[in-house]
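Heads up, the thing below is written out as structure tokens.
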Protein chains: 2
Amino acid sequence: MDKKEERLNQILSTTIEVLIKEGAENLSMRKIAKNANLSLSNLQYYYKDKDLLLIATVDFYFESCKKELTQAIKLLAADSTPDKKVFLEKVLSMLLIDGRSSHQTLMFQEIWTLASRNKELQNAVETYYKTYCLWMIDLVSAFCSKPEEIVSFLIPFVEGYTIVNNVIPLTKEKVIEMMVKLITILEK
Amino acid sequence: MDKKEERLNQILSTTIEVLIKEGAENLSMRKIAKNANLSLSNLQYYYKDKDLLLIATVDFYFESCKKELTQAIKLLAADSTPDKKVFLEKVLSMLLIDGRSSHQTLMFQEIWTLASRNKELQNAVETYYKTYCLWMIDLVSAFCSKPEEIVSFLIPFVEGYTIVNNVIPLTKEKVIEMMVKLITILEK
DNA sequence: ACCTGAACACCGTTCAAGT
DNA sequence: ACCTGAACACCGTTCAAGT
């Protein structure tokens, strides 16, 4: 890794840190510069304005998410018993996260909101989710028929669950039970 | 409506307008004051700081959402044919909104993000969604058994769909068809 | 190519003062 | 009770200048 690459890495990591800790609202070029040990003008040499810095940060973040996802999928695939029910339960309990306690969900929420005002970020988000969809289809198809239907139903549900899990009447365990039942039935 | 109430109404409506048009990121006390024809200091007389203004705005917005929801539910209930399938299709096509083209989803996204950094907003969001849940349970129970399960599965799905509808493989029509099938089966 | 520092218009908040 | 205006520290961006 050469010097420039290292600098960029340092800037983007710092931006993610500040973004998670303080939110997009309280993110400032000066704060990032300070935390990354750069002068404001020097930071602006690497990223001309705040928008470009945010786009680069989101791309950088999605790359790390993809790596994590690949890892998780590998674990799931390796450890797979032939039992479909057990497999589905594992996938679901991994995906159904309480959004308020997860760094990842916090970061995604910032990204969604930023993206709603920025075309380039919207594309980055769309591209990421499409990749995510394809991987899920691939993963699910090892155990289930009609993977496209299952994924079309699983992904929105999981995304929504991170937001509203604290208000729905059923517990997480009951939700997993229900989802396994539904997926099993969906294939018939 | 007395003068004070009118002033507050004018301030909160202006805040919502600016929030939807420009996002929380670009919302400023000065901008709101200007658009609502007040001096900055006068706005601060009514809302001491930005946080208090945002909390009041979110409460105000949720109130209008509740009114809209009551209206929509009334329409659904009045026009109800005895056919469960038709009823479910109507509910679903009303709820499954493309998030990118809807003012409401834009506003909710801003609120979610703001809430992730503010305890009071979190409570406001939670209270709103709990009311929403109870109304949905009430609505659904007219036609279906196991309304708690159906709502626990419907609400997260609908929330998630607004975010990821553009990346999942199935079309909206196919999604509705699938959901009706699943709900029907869930009751058995 | 990489980095600096001053200047500008804008921001939220505070405060002392008016009616 | 309602409203004003000045002051403060902070913000993003621009720009002319250094190595």
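All chains are named by letter (A, B, ...) in the order of the sequence lines, taking the proteins before the strands, and each is independently numbered beginning at 1. Quick note: numbers below take in every heavy atom, side chains included, and nothing from hydrogens, waters or symmetry partners. Computed from a predicted structure; not experimentally measured.
Base-pair partner of D:dC10: not found among the strands shown (Watson-Crick or G-U wobble, both distances under 3.5 Å). With both pairing distances under 3.5 Å, D:dG5 is matched to C:dC15 as a Watson-Crick or G-U wobble pair.
Atom-to-atom, CG of A:L43 to P of C:dC3 comes out at 11 Å; the value is rounded to the nearest Å. Atom CG in B:N42 sits about 11 Å away from atom C1' in D:dA1, given to the nearest Å. What separates OH of A:Y45 from P of C:dG5 is a distance of 17 Å, to the nearest Å. One interatomic measurement links the two molecules: CD of B:E5 to C1' of D:dC2, which rounds to 17 Å at whole-angstrom precision.
Salt-bridge annotation for B:E6 and B:K3: absent, with no side-chain N of the basic residue lying under 4.0 Å from a carboxylate O of the acidic one. Between A:E187 and A:K84, at least one side-chain nitrogen of the basic residue sits less than 4.0 Å from a carboxylate oxygen of the acidic one, meeting the salt-bridge criterion. Contact check on A:E126 versus A:K130 returns a salt bridge, with a Lys/Arg side-chain nitrogen under 4.0 Å from an Asp/Glu carboxylate oxygen.
OP1 or OP2 of D:dC3 has at least one side-chain nitrogen or oxygen of B:Y46 nearer than 4.0 Å. Look at B:R7 and you'll find a side-chain N or O under 4.0 angstrom from OP1 or OP2 of D:dC3. Between B:K4 and D:dC3 there is no side-chain polar atom (N or O) within less than 4.0 angstrom of OP1 or OP2.
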At under 4.0 Å between heavy atoms, how does the protein contact nucleotides 9-14 of chain C? Give one character per nucleotide, 5' to 3', with B, S or -.
--BBBB
Could you go through B:E110 and B:Y61, starting from their C-alpha distance and side-chain angles, then the distance that decides it, and tell me whether this counts as side-chain hydrogen bond (donor to acceptor under 3.5 Å, both in side chains)?
CA-CA 12 Å; B:E110 298 292 346; B:Y61 183 73; over 6 Å; no
Please walk me through it: do B:Y161 and A:F153 pass ring pair (Phe, Tyr, Trp, His ring centres under 6.0 Å)?
CA-CA 9 Å; B:Y161 183 85; A:F153 145 73; over 10 Å; no
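When each of B:I55, B:N123, B:T113 is paired with B:N118, the side chain to side chain contact (heavy atoms under 4.5 Å, CB included) condition holds for B:I55 and for no other.
Using atom C1' as the reference point in both D:dC3 and C:dA16, the two lie 13 Å apart (nearest Å).
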